[in-house]
Amino acid sequence: MARKTERENHKYEIRRAILGFLDFVTIAIAYFIALLARFDFDLDEVPGIYMTHTLRFIPLAFVISFVVYWCMKLYHSIWRYASVNEVYRIVISYLILIPCLIVGNQIPGVHIPRSCLFIGYILSMAGCFAVRFSYRIFRNLMIRSQTPTPKNKVERVMLVGAGSAARDVLKDFKAVSTYKVCVIVDDNPTTWGRYLEGIRIGGGRNDIPHLAQKYRIDTIVFAIPSAKPKDRSDILNICKETGCRLQTVPSLMQIVSGEVNVSKLRDVSIGDLLGREEIKVNNDEIMRSIQGKVVMVTGGGGSIGSELCRQIAAAGPSQLIIFDIYENNAYAIQQELKRKYGDRLNLVVLIGSVRNTSRVNWVLSTYHPQVIYHAAAHKHVPLMEDSPNEAVKNNVMGTWKLANAAARYGVERFLLISTDKAVNPTSLMGATKRICEMIIQMMAKDHPNTVYMAVRFGNVLGSNGSVIPLFKKQIAAGGPVTVTDKNIIRYFMTIPEAVSLVLQASYYAKGGEIFVLDMGQPVRIDDMARNLIKLSGYKPDVDIKIVYTGLRPGEKLYEELLMDEEGMQKTKNNLIYIGHPIQMNEEQFRKDLEMLDEASKAEDPHIKDLVAKVVPTYHPDDDVTLPGPVEKKAE
């Protein structure tokens with residue numbers, strides 16, 4: 001690596017020396033031509049003293065120019081990317097050179113006529129521009145003249161947006177020979193027919209399908225980072241119908257925060273098509289509530305757990321404890337956080353199960369966490385239908401043991417990750433999570449010194465076991481894409497949104513609350529599958545088949561976020577609500593937990609019936625149908 005760096009530095013110095021030599025040549029030529037012009041280009045008419053003074057003046061002019069050029073960084077730019085900024089610096093340089101050259105021309109023995117000084121000044125400025133921009137012009141001509149081979153096919157690009165972000169993307173594309181921006185689209189009618197960086201703005205969003213066909217577009221790049229979610233969704237939904245590959249620049253928030261630059265393109269994801277505002281949280285409040293605390297995350301290697309760890313680590317806890325049964329997941333997030341924070345983060349990674357009472361007690365008694373985020377759970381609905389006793393052991397008894405240990409060892413705040421499947425559950429997994437919520441509400445009453453709470457949300461885009469990764473694998477394999485039912489609908493959120501809600505709830509909670517997110521309108525899974533196929537550049541039912549397999553055991557067509565008797569209470573965040581606690585017989589509930597513990601250990605084949613006695617709203621054999629038409633569907 002060191003040798004490579006030395007070679008690159010050597011090449012850079014050689015280029016700088018060549019640039020300096022070319023500057024000397026252009027200055028010499030400029031003032032020599034100026035002298036000839038003074039005498040009508042007749043060399044014989046040039047007085048010898050003028051020739052002598054000019055030959056002496058040229059080295060002086062070069063030295064003065066070289067110093068000014070160096071101070072203005074004209075020897076430090078990457079000239080294949082030269083733009084307005086470089087033009088500005090050359091102009092400023094020559095404004096500085098005016099008085100310098102006039103003073104230099106007063107030196108005896110190097111004095112040249114004022115007309116020669118003026119003409120030479122103008123010609124040397126033109127030469128400076130020519131030397132520095134000729135490389136970029138020549139390089140662009142070479143790129144355009146290249147005949148692409150089948151291996152190096154030119155990708156024809158449409159750019160959506162004509163703002164500063166589009167300009168930056170356009171410059172990057174011009175430097176790559178395998179991409180050619182053919183047309184730009186913008187919703188501002190005053191820009192139609194005009195040109196940006198030499199590329200025509202062909203129309204607005206409604207012209208995208210026509211322009212894509214006219215210019216034989218392969219890739220559409222959405223370059224409006226400040227677009228509102230609905231506009232972004234509407235435009236991308238039009239784009240996906242073209243069959244082109246879709247890419248987008250990062251969001252404005254990512255650019256402003258410095259996370260990525262505007263030219264960092266990524267493929268459009270299904271989340272870009274949801275068309276609703278992201279959840280906004282008061283990060284300062286949350287950071288202060290975590291900063292300096294010992295925080296423990298169970299299931300810290302999972303999709304939600306690992307994102308929790310990332311955001312908690314950024315808040316500056318005194319110690320972060322990751323507790324997970326899966327060593328590979330735990331190792332992955334451990335290495336990621338070590339790379340990012342190094343010794344600045346006091347990180348402890350422990351392998352273990354929340355089902356193991358002695359292990360849980362040892363961890364809490366040894367590290368004394370002040371805040372626990374309980375994300376460890378079995379969540380796959382069909383698998384839990386086939387292994388119901390394991391769902392009870394891990395979800396119910398794991399939560400029960402951890403919650404009791406939290407009270408015993410003085411944990412300040414305990415948050416349970418729950419799911420919308422806990423509402424009127426038809427799956428065993430959903431029923432176990434409902435029991436977990438009941439545990440939280442009971443513990444909040446019995447142990448007021450610990451603030452117990454739960455957060456309930458819908459499906460998380462891209463999480464382990466979710467439908468999106470499955471669809472992507474099926475599309476990559478050429479299909480078919482399997483959808484359980486054409487009418488099945490789900491609420492969706494992104495992983496950062498889910499974690500933001502969890503962290504917000506941990507700040508709001510006073511004890512016993514079940515926090516619920518207003519997730520807007522649900523989305524049909526069938527529409528999502530079709531959109532994902534289109535985003536991949538294929539046609540549904542033509543290139544990639546969609547097969548309907550029927551509802552799986554424990555699965556229902558729709559999910560609810562609140563039970564009828566829970567009601568709704570607002571919080572400071574308009575997208576976060578609280579479900580009122582449901583009255584229950586705590587003494588009987590404790591007996592039910594002991595009964596479930598014994599039954600699950602004994603591998604009782606009737607465990608689902610026992611769970612149904614504990615959760616009256618659990619109807620595993622009901623034929624649940626869609627309650628009504630979906631008001632909003634993904635296109």
Side-chain angles (χ1 to χ4, degrees), residues 155-176 178-188 191 196-197 199 201-209 211-212 215 217-279 461-462 468-469 471-472 475-476 492-497 523 527-528 530-538 634-635:
E155 194 90 357
R156 300 176 66 83
V157 177
M158 174 192 292
L159 211 55
V160 178
S164 57
R167 190 178 294 110
D168 289 342
V169 173
L170 202 53
K171 288 177 182 176
D172 281 356
F173 274 134
K174 283 189 174 182
V176 181
T178 54
Y179 289 91
K180 179 182 179 182
V181 180
C182 301
V183 66
I184 299 173
V185 170
D186 193 87
D187 276 345
N188 184 357
T191 65
L196 178 66
E197 298 284 334
I199 307 300
I201 302 173
R205 70 177 70 178
N206 294 325
D207 298 305
I208 289 174
L211 292 173
Y215 288 94
I217 299 300
D218 301 304
T219 299
I220 299 176
V221 176
F222 183 86
I224 316 175
S226 60
K228 293 180 180 179
K230 188 178 185 307
D231 287 334
R232 186 186 193 91
S233 172
D234 290 346
I235 293 172
L236 290 175
N237 274 311
I238 294 172
C239 292
K240 74 176 176 18
E241 298 300 330
T242 64
C244 301
R245 181 189 178 198
L246 301 187
Q247 289 191 302
T248 180
V249 298
S251 67
L252 188 62
M253 185 61 68
Q254 289 175 302
I255 296 169
V256 171
S257 66
E259 184 180 338
V260 290
N261 59 47
V262 71
S263 299
K264 187 73 174 179
L265 298 179
R266 64 168 175 82
D267 287 344
V268 171
S269 68
I270 200 75
D272 294 311
L273 304 181
L274 291 182
R276 65 169 169 80
E277 295 283 350
E278 289 187 9
I279 299 168
L461 288 172
I468 301 300
F471 285 167
K472 286 183 177 179
I475 292 169
F492 279 95
M493 64 195 312
T494 65
I495 291 177
E497 282 179 325
V523 178
D527 294 330
M528 185 170 281
R530 292 178 181 277
N531 286 340
L532 202 57
I533 292 170
K534 291 174 182 177
L535 289 176
S536 302
Y538 301 108
E635 293 296 324

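A quick note: this is a predicted structure, and the numbers were derived from the prediction, not measured.
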Legend entry - Residue pair Arg245 / Asp218, side-chain heavy-atom distance below 4.5 Å: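 Side-chain contact under 4.5 Å: no.
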Legend entry - Note, Ile201 side chain near Asn188 side chain (heavy atom, < 4.5 Å): no
[X]: which residues meet the side chain to side chain donor-acceptor pair (under 3.5 Å) condition with it, sequence neighbours left out?
X      : result
Arg205 : Asp187
Asp207 : none
Thr219 : Glu155

Legend entry - Separation of Thr248 OG1 from Leu236 CG (nearest 0.5 Å): 6.5 Å
Inset, instruction - Mind listing the closest non-hydrogen atom pair of Ala212 and Cys244 along with its distance? - result: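 For Ala212 versus Cys244, the nearest heavy atoms are CB-SG, 4.4 Å.
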Inset, instruction - Identify the heavy atoms of Cys239 and Val160 that sit nearest to each other, and give their distance. - result: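 That closest heavy-atom pairing would be SG-CG2, 4.4 Å.
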Inset, instruction - Please check if the side chain of Arg156 supplies one atom and the backbone of Cys182 the other of a donor-acceptor pair under 3.5 Å. - result: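 No, the answer is negative, given that no donor and acceptor are paired below the 3.5 Å cut-off.
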Inset, instruction - Could you check Leu211, Leu159, Ile238 and say which one makes a side-chain contact (heavy atoms from CB on, under 4.5 Å) with Val185? - result: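 The residue from Leu211, Leu159, Ile238 that satisfies side-chain contact (heavy atoms from CB on, under 4.5 Å) with Val185 turns out to be Leu211.
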Inset, instruction - Check step by step if side-chain contact (heavy atoms from CB on, under 4.5 Å) holds for Ile208 and Thr242. - result: CA-CA 8 Å; Ile208 289 174; Thr242 64; 4.0 Å; yes
